[in-house]
Asker: 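Sharing a structure, written as structure tokens. Questions coming.
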Protein chains: 2
Amino acid sequence: MSTPSASRPLDLIIVEDQKEVREGLRYLLGLDPRVNMVRTYDRVETLLDALDTLPTPDLVLMDIGLPGMSGIEGVRAVKKRFPSVSVIILTVFEDTDRILESIRAGANGYLLKSTKPDILLEQILGAAKEGSPLSPRVAKRLLEEIQESGEQSSLSDYGLTPRERQILTDVVNGFTYREIAARYNIAASTVKKHILHIYQKLDVSSRAEFVRKAIREKLV
Amino acid sequence: MSTPSASRPLDLIIVEDQKEVREGLRYLLGLDPRVNMVRTYDRVETLLDALDTLPTPDLVLMDIGLPGMSGIEGVRAVKKRFPSVSVIILTVFEDTDRILESIRAGANGYLLKSTKPDILLEQILGAAKEGSPLSPRVAKRLLEEIQESGEQSSLSDYGLTPRERQILTDVVNGFTYREIAARYNIAASTVKKHILHIYQKLDVSSRAEFVRKAIREKLV
DNA sequence: GATGAGATACACCATTCGGTGTATTTCTAA
DNA sequence: TTAGAAATACACCGAATGGTGTATCTCATC
């Protein structure tokens with residue numbers, strides 16, 4: 001429960017190497033009554049120096065394509081020393097790799113420069129307080145990523161029999177022939193036979209390959 | 001490459017059990033010139049029946065808390081038969097579980113009912129065409145999820161030396177003492193020594209446990 | 001009733017593995 | 001300079017593994 005309408009005006013920082021974009025953003029954001037102060041830098045290194053002495057901002061708008069350190073490295077550096085500062089990426093790039101890397105670096109949002117100014121303003125100032133501003137095209141990439149990661153599970157069944165599946169699980173869990181035999185009250189030689197059959201079906205020839213393959217493609 | 005300003009007006013469907021909300025949304029959306037037609041249903045089952053006979057819509061706005069089938073099941077059902085239809089969740093729930101389940105079910109967006117009407121309209125009609133509308137608080141949950149999933153990687157470094165890390169990789173890839181020894185031109189006995197050291201550090205005592213643990217927590 | 005798949009079981013053998021001990025060299029840090 | 005970590009190497013032993021062959025028994029399906 002916060003008090004959105006009565007919150008303290010924000011101190012912002014913009015890191016952007018193109019002067020026109022930088023000044024345009026500063027002007028746009030500076031007009032809004034929710035903003036107290038806007039500082040700008042043209043590269044990450046300068047920002048990091050300044051953070052040592054000047055007051056800590058509430059929010060940093062970070063470009064990715066910068067001379068020297070990239071904005072993604074910038075996110076990592078800023079979040080490491082000031083975890084509570086919101087850092088929002090503002091860039092032209094919308095590839096999944098850069099989006100994911102930015103998020104893993106600790107970014108609190110990811111906006112595209114193609115966003116219309118009024119929506120951009122609302123996203124930055126409105127969304128940042130309670131959530132993470134994301135451009136819809138960026139969000140789309142994330143949803144696709146999440147959907148794909150959940151799918152790859154049941155791809156290959158191989159021709160394993162129920163008994164073989166049981167034993168496969170035990171092998172992955174580190175049991176030996178004898179131990180598995182004891183679990184099912186069968187002879188160790190039988191367990192061995194089963195495992196050799198599984199090896200043929202999975203096309204492997206050692207415990208290590210077996211465990212790796214079993215874990216990498218689903219079961220267990 | 002689309003023609004956003006000249007695109008065909010959209011046919012929408014709203015699935016929402018509360019009459020006031022349903023009619024409010026219908027009114028709000030119906031006013032916009034980008035909308036051609038709005039149909040409403042109070043439960044998923046009715047929608048599914050209607051989809052068999054009536055024209056396929058462009059976009060479905062789906063509540064989650066519904067009598068009978070939940071909206072998440074509704075997403076699954078609709079996307080299964082009409083994969084190209086955009087289905088956007090509109091709900092009061094903002095827990096990570098429901099958000100992720102909705103996305104895995106195939107949802108193309110996830111908006112909260114607390115969204116201000118003008119922004120809601122813009123998200124639905126503006127964002128849905130080229131991206132996935134997500135409320136900032138929902139996006140925040142997703143970012144946290146992605147950050148966490150990437151973190152558990154480097155959590156445990158164990159005290160492995162560079163050489164041990166090399167050999168660890170080879171073992172996971174199924175090589176034997178001899179093969180690894182050949183790769184680095186060292187004696188098999190040395191490789192064995194290294195592996196036994198790694199066993200102690202990882203607290204395992206067999207190839208199977210070793211590979212499993214190595215894969216489960218990071219490296220390789 | 002025959003055929004085949006699945007599960008069971010035993011034998012044999014070479015290789016690999018797990019565990020322990022000892023020892024040398026090099027390099028870094030105290 | 002000295003102590004310790006890292007990497008190297010060899011020996012020995014019992015246990016586990018991989019590979020192959022053979023042989024029942026059951027059950028379902030043809």
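Predicted, not measured: the structure shown is a model, and the values here were computed from it.
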Asker: Considering only side-chain heavy atoms of A:Pro162, which listed nucleotide, C:dG18, C:dA7, D:dA7, is closest?
Answerer: C:dA7
Asker: To the nearest 0.5 Å, what is the distance between CG (A:Leu168) and NE2 (A:His197)?
Answerer: 15.0 Å
Asker: Among the candidates D:dA9, D:dA7, C:dC17, find the nucleotide nearest to the side-chain atoms of B:Ala187.
Answerer: D:dA9
Asker: Applying a 4.0 Å non-hydrogen cut-off, can you work out what B:His194 is touching in the nucleic acid: base, sugar-phosphate, or nothing?
Answerer: base
Asker: When you get a sec, tell me which of C:dA7, D:dT8, C:dC12 is the closest nucleotide to the side chain of A:Arg163?
Answerer: C:dA7
Asker: Side chain of A:Thr176, heavy atoms from C-beta onward: which of C:dG18, D:dG18, D:dT17 has the nearest atom to it?
Answerer: D:dT17
Asker: Counting just side-chain N and O atoms, does B:Arg207 come under 4.0 Å of either OP1 or OP2 of D:dA16?
Answerer: no
Asker: Nearest whole Å is fine: how far is D:dA16 C1' from B:Phe210 CZ?
Answerer: 18 Å
Asker: Rounding to an integer number of Å, can you tell me how far A:Gln166 CD sits from C:dT8 P?
Answerer: 9 Å
Asker: Answer yes or no: does a side-chain N or O of A:Tyr184 lie under 4.0 Å from OP1 or OP2 of C:dA7?
Answerer: no
Asker: In whole angstrom, what separates B:Glu179's CD from C:dT15's C1'?
Answerer: 12 Å
Asker: Can you figure out which of D:dA9, D:dA7, D:dG19 approaches the side chain of B:Lys193 most closely?
Answerer: D:dA9
Asker: Can you see whether B:Tyr184 has B:Arg163 sitting over its ring - NZ or CZ less than 6.0 Å from the centre and within 45° of the normal?
Answerer: yes
Asker: Please determine if A:Arg22 and A:Asp17 form a salt bridge, counting it only when a charged side-chain N lies under 4.0 Å from a carboxylate O.
Answerer: no
Asker: Roughly how many Å is it from CD in A:Glu209 to C1' in D:dG18, rounded to a whole number?
Answerer: 12 Å
Asker: Closest nucleotide of DNA chain C for B:Val204 versus for A:His197: which of these residues is on the 5' side?
Answerer: A:His197
Asker: Just N and O in the side chain of A:Arg178: are any of them under 4.0 Å from OP1 or OP2 of D:dT17?
Answerer: no
Asker: May I ask you to evaluate whether B:Tyr199 reaches the phosphate of C:dG18, defined as a side-chain N or O under 4.0 Å from OP1 or OP2?
Answerer: yes
Asker: Do A:Glu23 and A:Arg26 meet the salt-bridge criterion of a basic N to acidic O distance under 4.0 Å?
Answerer: yes
Asker: May I have the distance from B:Ile180 (atom CD1) to C:dG18 (atom P), rounded to whole angstrom?
Answerer: 11 Å
Asker: Let me know the distance between NZ of B:Lys192 and C1' of C:dT20, rounded to the nearest Å.
Answerer: 10 Å
Asker: Under 4.0 Å between a side-chain nitrogen and a carboxylate oxygen: does that hold for A:Glu122 and A:Arg34?
Answerer: yes
Asker: Grab the CD1-P distance between A:Ile198 and C:dG6 for me, whole Å please.
Answerer: 12 Å
Asker: Reckon A:Ser189 has a side-chain N or O less than 4.0 Å from the OP1 or OP2 of C:dT8?
Answerer: no
Asker: Look at the side chain of A:Glu164 and decide which nucleotide, out of C:dA9, D:dT8, C:dA7, has an atom nearest to it.
Answerer: C:dA7
Asker: Quickly work out the B:Ile167 CD1 to D:dA6 P distance and round it to whole Å.
Answerer: 14 Å
Asker: Indicate, with a heavy-atom threshold strictly under 4.0 Å, whether A:Leu196 touches base, sugar-phosphate, or nothing.
Answerer: base
Asker: Could you go through the salt bridge (charged side-chain N to carboxylate O under 4.0 Å, His left out) check for B:Arg81 and B:Asp52 one step at a time?
Answerer: CA-CA 10 Å; B:Arg81 282 198 292 164; B:Asp52 285 331; 2.5 Å; yes
Asker: If you only use heavy atoms from C-beta on, which nucleotide in C:dG19, D:dG18, C:dA9 is closest to the side chain of A:Ile186?
Answerer: C:dA9
Asker: Would you please confirm or rule out a distance under 4.0 Å between OP1 or OP2 of C:dA9 and any side-chain N or O of A:Thr190?
Answerer: yes
